[in-house]
Amino acid sequence: MMNKKYSYLKSKIAFAAINFCLASLSALAFDTQNVNRVGEFYNDLKCRENHLAGSLVDSDPKGNHDIYSYALSRKQDLRLSAYITAHTVERMFTSDAGKREIVSLLRCNGFTTVYLEVYRSGLVVSAGLLEESVTFLKENGFHVVGAIATVPGGDTGTHQEGPLGWFNWQTRKTQEDMRKVMEDSAPFFDSFIVDDFLCTSDTSLISKSAKGERSWSEYRRSLLTELSESVFIRPAKEKNPDIKMIIKFPQWYDRFHLFGYDVATKPALFDSVWVGTETRGQYTQRFGFVQPYEGFINYRWIKTLSGEKIGGAWFDHGDCDALDFIEQAYQSVLAGANELVIFNINSYIDGHPGHHLLRQDFEKLANLAVAVAKNPVQGPTAYKPPNSDAGVDLYLMDYIGMFGISLIPESQYPENSPVIFLPTQAAADSSIYEKVVKSIENGAKIIMTTGFIANAANGDKLARLARISWPLPEGKVSASNIFYDGIVEKLKFPLEMNYQIIPEGAGIILHTDAEGNNPFLVKNQEGNVFVINTYTFSQEDFDAVGEVLLSPKQIGLLELPGPWVNEIRSVFHSENEPVLNADSRVTFQHLSDGSFVIHNYNRERTKVDIQITQADSFVDGFTGKTIHVNDNKISLEMEPRSRIWGIKK
């Protein structure tokens with residue numbers, strides 16, 4: 001009896017010591033960002049922690065004392081999956097020591113599915129090693145999915161002439177080399193995913209000749225739709241008729257069509273669709289100044305095109321601190337993902353402070369996934385038809401979401417929505433004017449951007465609905481100061497506009513110090529049509545910094561003061577919905593059962609007030625703490641980069 005008690009006490013002491021080391025190490029890694037130096041030790045400690053945790057008495061009646069066991073018990077709610085590149089397969093699966101480390105890392109971090117890559121950058125994993133690796137992983141309890149990263153290297157395929165390291169898909173060599181990889185690897189897998197790079201920006205003579213009179217977008221979309229079938233799907237199913245083929249779309253939804261991703265055709269060809277939600281750091285240029293709400297927008301928009309085929313969300317570590325990393329997980333789950341694919345296992349070998357947060361928050365994420373599956377996030381609707389150009393409204397929907405507007409993207413016109421947002425992308429719909437008129441007749445509120453009116457069919461009639469002058473004078477201007485309540489405020493980054501709004505009966509809600517005190521937000525006399533003078537980016541902004549895919553710079557839109565943000569937010573408000581009073585970079589996503597999730601993405605504490613329509617009681621679904629309601633009002637003090645899940649009691 002004494003020996004058992006001593007052993008238990010010894011385990012408790014060791015467990016506490018390891019947790020102390022982990023906390024210290026995590027803080028060091030986060031503060032210094034020197035995660036590579038501490039990563040191996042960190043992972044070793046976590047594995048020891050999980051091993052010890054299994055030996056201690058736990059309140060869980062099912063005996064899920066470690067993250068792997070718990071993840072297995074919740075895999076119907078939310079699955080954690082790890083991606084292993086071809087080079088890592090070659091490095092880690094050719095020795096017993098490497099295989100032991102891979103299995104340890106997978107289990108210590110709760111992964112139940114493994115994506116095993118067969119090709120990347122010229123490296124083809126041999127059939128023998130593939131078979132051995134797949135068998136080994138399955139014997140150790142993991143579901144295994146095949147994967148391919150279609151990027152050139154060595155003498156495989158033909159490099160494109162153009163920015164980024166992509167293939168020239170027009171050449172026979174690229175097509176035959178990739179077809180051979182698919183034929184050889186398909187027999188080993190039940191499912192197989194094609195990673196980000198089924199795209200091209202090639203401008204070689206052979207591609208120009210094949211393009212003919214078509215635009216580059218039309219040519220590339222047609223080519224890669226055909227090759228999806230002839231190079232990937234058909235060869236794989238000929239060798240393995242039961243294989244399920246998955247297409248993964250990247251996160252740059254407003255640029256897909258330019259480089260060959262046709263969201264109207266590819267979901268129909270593939271068996272399943274996975275979506276990139278890799279937003280990374282919002283304040284850095286390395287992977288673009290991408291807003292956290294983009295992951296939600298991208299997933300929900302592609303879901304409207306994929307239907308029941310929609311599957312997992314995919315994000316990575318690139319340019320991520322610990323909070324960037326975990327925030328990607330939350331927006332993925334809020335969008336409806338029931339699987340999180342993490343790219344890639346090398347970061348688990350090296351170590352990253354975000355891993356601890358993902359393990360720690362997995363239960364919260366799984367609970368949230370269950371709630372979202374039953375009651376999806378709802379709100380005002382933004383219309384972006386498939387393969388539509390964004391003009392000067394590139395990624396605008398991400399920024400609208402960062403105003404605390406629970407924006408939902410749609411690929412078909414949302415005729416039943418009470419609030420409809422029409423950015424430039426919606427101008428691709430040739431019958432948009434008639435649809436807008438019908439929505440207004442049905443009592444809807446319409447918010448249009450200047451770029452939409454300027455590019456839409458019947459723009460003159462749309463301008464008359466808004467009570468503004470037509471045509472809209474064009475000319476990019478920057479406003480350094482804005483006005484509200486008799487106050488002039490200077491912005492950190494200028495607020496740019498590409499058009500001038502000249503009211504002809506419209507009332508001005510917000511205006512700037514740009515030439516002619518250019519209005520930023522106006523409404524018609526009936527109060528059912530609003531125009532917002534937005535400008536995010538144009539192709540010139542991308543060219544100026546050499547960016548191809550992602551947001552090229554920081555803009556003044558998110559630097560607007562609270563009163564401006566509240567005015568913009570009020571325009572998108574629906575009757576009987578909560579009213580939010582908060583700064584920008586505070587997102588508010590409300591679920592169809594009346595619950596809500598708030599994120600403070602600011603680097604400072606912030607105050608948030610929520611006026612609700614009835615005296616409900618709420619509890620924070622993440623912490624279990626009561627959320628106090630006084631006179632139908634919730635007042636919150638939110639820590640930097642924090643979140644709250646308000647659930648009705």
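We count residues from 1, following the sequence as given.
Counting non-hydrogen atoms of other residues, nucleotides and ligands closer than 6.0 Å to CD of Glu131 gives a total of 12 or fewer. Within 6.0 Å of atom NZ in Lys75, 12 or fewer heavy atoms from other residues, nucleotides or ligands are found, so the atom counts as exposed in its surroundings. Atom CD of Gln412 has 12 or fewer neighbouring heavy atoms from other residues, nucleotides or ligands inside a 6.0 Å radius. Environment of NZ in Lys180: sparse, with no more than 12 heavy atoms of neighbouring residues, nucleotides or ligands closer than 6.0 Å. Shown here is Lys239, whose NZ atom has no more than 12 heavy atoms of other residues, nucleotides or ligands within 6.0 Å.
Evaluated for a side-chain hydrogen bond (donor to acceptor under 3.5 Å, both in side chains) with Asn346, the options His317, His87, Arg91 yield exactly one hit, Arg91. Each of Trp252, Phe259, Tyr253 was compared with Phe256 under the ring pair (Phe, Tyr, Trp, His ring centres under 6.0 Å) criterion, and only Trp252 meets it.
Here the CD1-CD distance, from Ile148 to Glu117, works out to 8.0 Å after rounding to the nearest 0.5 Å. Atoms OG1 and CG, from Thr536 and Asp541 in turn, are 8.0 Å apart once rounded to the nearest 0.5 Å. With rounding to the nearest 0.5 Å, the separation of OG1 in Thr158 from CG in Asn168 is 6.0 Å. Atom CD1 of Ile400 sits about 11.5 Å away from atom CD of Gln291, to the nearest 0.5 Å. Rounding to the nearest 0.5 Å gives a distance of 10.0 Å between CZ of Arg221 and CZ of Arg214. Atoms CZ and CD, from Arg234 and Glu229 in turn, are 5.0 Å apart once rounded to the nearest 0.5 Å.
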Assess the residue pair Asp429 and Tyr383 against the criterion (side-chain hydrogen bond (donor to acceptor under 3.5 Å, both in side chains)); give the C-alpha distance rounded to whole Å, side-chain angles, the decisive distance to 0.1 Å, and a yes or no. CA-CA 10 Å; Asp429 187 334; Tyr383 178 35; 2.6 Å; yes

Stepwise side chain to side chain contact (heavy atoms under 4.5 Å, CB included) check, Thr150 with Trp169: CA-CA 10 Å; Thr150 54; Trp169 284 100; 3.8 Å; yes

Verify side-chain hydrogen bond (donor to acceptor under 3.5 Å, both in side chains) between Ser81 and Glu339, making sure each step is shown before the conclusion. CA-CA 7 Å; Ser81 305; Glu339 180 178 350; 2.6 Å; yes

Pair Lys461, Val436 - check side chain to side chain contact (heavy atoms under 4.5 Å, CB included), show working. CA-CA 11 Å; Lys461 295 180 181 178; Val436 168; over 6 Å; no

Show your working on side-chain hydrogen bond (donor to acceptor under 3.5 Å, both in side chains) between Glu547 and Gln285 and close with a plain yes or no. CA-CA 9 Å; Glu547 180 56 61; Gln285 188 175 2; 5.9 Å; no

Tyr119 and Ser185: side-chain hydrogen bond (donor to acceptor under 3.5 Å, both in side chains), yes or no, with the steps? CA-CA 9 Å; Tyr119 168 86; Ser185 57; over 6 Å; no

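Counting only heavy atoms from C-beta outward, the side chains of Gln251 and Leu550 approach each other to under 4.5 Å. Looking at Leu462 and Met448, their side chains come closer than 4.5 Å, going by heavy atoms from C-beta outward. Under the 4.5 Å side-chain criterion, counting only non-hydrogen atoms from C-beta, Met245 is in contact with Met182.
Judged by distance alone, the side chains of Ser207 and Gln170 never bring a donor and an acceptor atom under 3.5 Å apart. If you check the side chains of Thr424 and Asp393, you find a donor sitting under 3.5 Å from an acceptor. Side-chain contact annotation: Thr534 with Tyr399, donor-acceptor N/O pair under 3.5 Å absent. No side-chain N or O of Asp177 forms a donor-acceptor pair with one of Thr156 less than 3.5 Å apart. No side-chain N or O of Tyr348 forms a donor-acceptor pair with one of Asn109 less than 3.5 Å apart.
Remark: aromatic rings of Phe315 and Phe325 are close, center separation under 6.0 Å. Proximity of the aromatic rings of Phe572 and Phe403 is defined here by a centroid distance below 6.0 angstrom, and this criterion is not met.
Taking every heavy atom of both residues into account, Ser347 and His355 meet most closely at O-CE1, 3.1 Å. Scanning all heavy atoms of the two residues, the minimum distance from Ser133 to Leu116 falls at CB-CD2, 3.8 Å. Residue Pro380 comes nearest to Ile405 through the heavy atom pair CG-CG2, 3.7 Å, listed as atom of the first residue, atom of the second, then distance. Between Thr112 and Arg79, the shortest heavy-atom distance links the atoms OG1-CB, 4.3 Å. Here the closest heavy-atom approach between residue Met402 and residue Pro292 is recorded as CE-CD, 3.6 Å. Of all heavy-atom pairs between Val377 and Gln589, the closest is CG1-CB, 3.8 Å.
Remark: the backbone N or O of Val290 is not paired with any side-chain donor or acceptor of Arg280 at under 3.5 angstrom. Using a distance-only test at 3.5 Å, with no hydrogens or angles considered, a donor-acceptor pair links the side chain of Ser126 to the main chain of Leu129. Judged purely by atom type and a 3.5 angstrom limit, Ser222 has no side-chain atom pairing as donor or acceptor with the backbone of Glu218. A donor-acceptor distance shorter than 3.5 angstrom exists from the side chain of Gln160 to the backbone of Pro163, with no hydrogens or angles considered. Formation of a donor-acceptor pair under 3.5 Å by the Glu415 side chain with backbone atoms of Ser439 is not found in this model. Checking side-chain atoms of Thr203 against main-chain N and O of Gly162 turns up no donor-acceptor pair under 3.5 Å. Looking at Arg220, its side chain does come within 3.5 Å of a backbone N or O of Leu258 through a donor-acceptor pair. No donor-acceptor pair under 3.5 Å is formed between the side chain of Ser209 and the backbone N or O of Leu205. Looking only at distances, a side-chain donor or acceptor of Thr304 sits under 3.5 Å from a matching main-chain atom of Trp301. Within the 3.5 Å criterion, the main-chain N or O of Leu394 finds no donor-acceptor partner in the side chain of Asp254.
Salt bridge annotation for Glu278-Lys248: present, with a cationic side-chain nitrogen under 4.0 angstrom from a carboxylate oxygen. Note on Glu496 versus Lys476: salt bridge recorded, some NZ/NE/NH1/NH2 to OD/OE distance being below 4.0 Å. In summary, Lys244 and Asp271 do not engage in a salt bridge, as defined by a charged side-chain N under 4.0 Å from a carboxylate O. By the 4.0 Å N-to-carboxylate-O rule, Lys173 lies too far from Asp155 to be salt-bridged with it.
Taking Asp389 as the reference, nothing meets the salt bridge (Lys or Arg N to Asp or Glu O under 4.0 Å) condition, with sequence neighbours excluded.
Ring pair Tyr293/Phe296 is tilted by interplanar angle, where 30° to 60° counts as tilted. Note: Phe537 and Tyr395 have perpendicular aromatic rings, judged against thresholds of 30 and 60 degrees for the angle between ring planes. Ring geometry, Phe189 versus Phe192: the interplanar angle exceeds 60°, so the pair is classed perpendicular (tilted spans 30 to 60°). Between Tyr83 and Tyr115, the ring-plane angle classifies as parallel under the 30° and 60° cut-offs.
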With a 3.5 Å cut-off and sequence neighbours excluded, list the donor-acceptor pairs that the side chains of residues 136-147 form with protein atoms.
unit_1 : atom_1 : unit_2 : atom_2 : d
Asn140 : ND2    : Phe136 : O      : 2.9

